[in-house]
Amino acid sequence: MEFIKYPLTLLYRIWFYILVLVPIIVMFPFIFLTIISEKTYSLFFKIARLWAKMILIGMGFHYKISGDAVFEEGKSYMLVANHTSMTDIMLMLVLVKNHPFVFVGKKELAQIPIFGFIYKRVCILVDRSNSKSRYQVFERAQKRIQQGLSICIFPEGGVPDEHIVLDEFKDGAFRIAIEHQLPIIPMVFFDNKKRFSYTFFSGSPGKMRAKILPIIETTGKSLDDKNEIKKLVRQSILESLVNQN
């Protein structure tokens, strides 16, 4: 069966990249008009959510969302989740309705043709090997928060090895949340690794569950509380992953 499996998974991977790029090419005039100014980001966000849904549905992923956080209008949040797949971005966009947010992501993705052109204009890019770049993330995040947007960070700092359930968390998301007194909304992606991991010859259609966990407040907290909050958030996500609930 291996001689059938590998060609099929190869085609499945190619189909994913087609689903990612073709809608961007088709909608590019509209996308371009919404990214030339930060004032039109909310319109871009709606297009991005549509793009994300097209990919998930086109790949045969049946997403199911449990839990519910009430997003107050005009309030910014820190969104965090475990990171296991390229589809994490799409699922996050589908999860959060009518409340635009900005991803903090690695700058290497800006090199991807077409996608990278948009990515570097709508995301906060970070070069984790450069301390100056990491500092600039805080400045750019502050600007976006002042515009009423939320911030999304995958605090593991990258996709861990396949055998790791949940890697240790970096400080950045929690430092930003505390400095700006942002409520933290943890989210759990249960099936993304199984559906479409970074292992090339893998992946299949099927269920894609996500859960929104209770909000963790940072009001009145200082940077002295950073490690405690980071541990609390990580533990809440890890328990859900281990118990699958």
Side-chain angles (χ1 to χ4, degrees), residues 1-32 35 44 47-65 81-96 103-123 125-129 152-167 187-211 237 241-242 244:
M1 295 297 292
E2 294 295 320
F3 71 94
I4 297 176
K5 174 186 174 182
Y6 287 116
L8 287 178
T9 52
L10 176 60
L11 289 173
Y12 195 59
R13 289 271 158 173
I14 293 172
W15 176 239
F16 173 78
Y17 294 115
I18 290 172
L19 284 173
V20 169
L21 290 175
V22 170
I24 291 176
I25 294 170
V26 172
M27 296 187 293
F28 189 78
F30 303 100
I31 294 173
F32 181 77
I35 65 175
F44 166 80
I47 296 175
R49 291 193 75 244
L50 175 62
W51 169 78
K53 287 183 178 181
M54 291 171 64
I55 293 170
L56 296 183
I57 293 172
M59 292 295 290
F61 299 144
H62 311 294
Y63 53 87
K64 180 180 179 181
I65 301 167
N82 56 311
H83 198 13
T84 60
S85 167
M86 287 180 280
T87 60
D88 296 343
I89 293 173
M90 295 82 183
L91 190 56
M92 182 66 77
L93 285 166
V94 170
L95 274 174
V96 182
F103 284 105
V104 174
K106 52 187 180 182
K107 72 168 192 175
E108 289 82 1
L109 294 179
Q111 299 172 2
I112 300 174
I114 304 175
F115 174 84
F117 174 83
I118 300 168
Y119 175 79
K120 64 185 178 183
R121 285 165 176 76
V122 297
C123 297
L125 307 189
V126 58
D127 178 358
R128 291 190 171 92
S129 64
C152 177
I153 297 178
F154 296 107
E156 290 168 278
V159 176
D161 292 338
E162 292 282 320
H163 68 281
I164 297 176
V165 176
L166 187 68
D167 211 345
M187 304 184 190
V188 188
F189 300 158
F190 295 103
D191 307 301
N192 291 21
K193 183 185 292 187
K194 185 189 301 180
R195 294 280 73 84
F196 203 79
S197 77
Y198 274 83
T199 300
F200 193 80
F201 287 105
S202 67
S204 63
K207 65 181 179 180
M208 186 176 272
R209 296 167 297 154
K211 184 176 183 180
I237 293 176
L241 284 169
V242 171
Q244 292 287 296

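Looking at every heavy atom in both residues, Leu241 comes nearest to Val188 through CD2-CG1, 3.5 Å. Across every non-hydrogen atom of Ala81 and Glu156, the tightest pair is O-OE1, 4.5 Å. Between Asp167 and Ile164 the shortest heavy-atom distance is N-CG2, 3.7 Å. Taking all atoms of both residues into account, the shortest heavy-atom contact from Leu93 to Ala48 is CD1-O, 3.8 Å. Taking both residues in full, the closest heavy atoms of Trp15 and Met59 are given as CD1-SD, 3.7 Å, listed atom of the first, atom of the second, then distance.
Tyr63 has its side chain within reach of Lys53: a pair of non-hydrogen atoms, C-beta onward, lies under 4.5 Å apart. Looking at heavy atoms from C-beta onward, Phe103 lies in side-chain contact with Met92 at the 4.5 angstrom threshold. Between Ser202 and Arg13 the shortest side-chain heavy-atom distance falls below 4.5 Å. Contact annotation: the side chain of Phe189 never approaches that of Met208 to less than 4.5 Å [non-hydrogen atoms, C-beta and beyond]. Contact of the Tyr17 side chain with the Met86 side chain is registered, since non-hydrogen atoms from C-beta on lie closer than 4.5 Å. At a threshold of 4.5 Å between non-hydrogen side-chain atoms, the residues Asn192 and Phe61 do not count as touching. Two residues are said to be in side-chain contact when any heavy atoms from C-beta on lie closer than 4.5 Å; Val159 and Lys193 fail this criterion. In this structure, the side chains of Phe44 and Ile118 come closer than 4.5 Å at one or more pairs of heavy atoms.
Atoms CE and CD1, on Met90 and Ile55 in that order, are 4.0 Å from each other to the nearest 0.5 Å. Distance check: Ile65 CD1 to Leu91 CG gives 6.5 Å after rounding to the nearest 0.5 Å. To the nearest 0.5 Å, atoms CD1 (Ile47) and CZ (Phe28) are separated by 11.5 Å.
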Run the side-chain contact (heavy atoms from CB on, under 4.5 Å) check on Thr9 and Phe200 step by step: do they pass? CA-CA 8 Å; Thr9 52; Phe200 193 80; over 6 Å; no

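Checked against side chain to side chain donor-acceptor pair (under 3.5 Å), Ser204 has the following partners two or more places apart in sequence or in another chain: Arg195.
Using bins of under 30°, 30° to 60° and over 60° for the plane-to-plane angle, the ring pair Phe196/Phe16 lands in the tilted bin. Relative orientation of the Phe117 and Phe32 rings is parallel, given thresholds of 30° and 60° on the angle between their planes.
Phe154 pairs in a side chain to side chain contact (heavy atoms under 4.5 Å, CB included) with only one of the listed residues (Val104, Asp88, Asn82, Thr84), which is Asp88.
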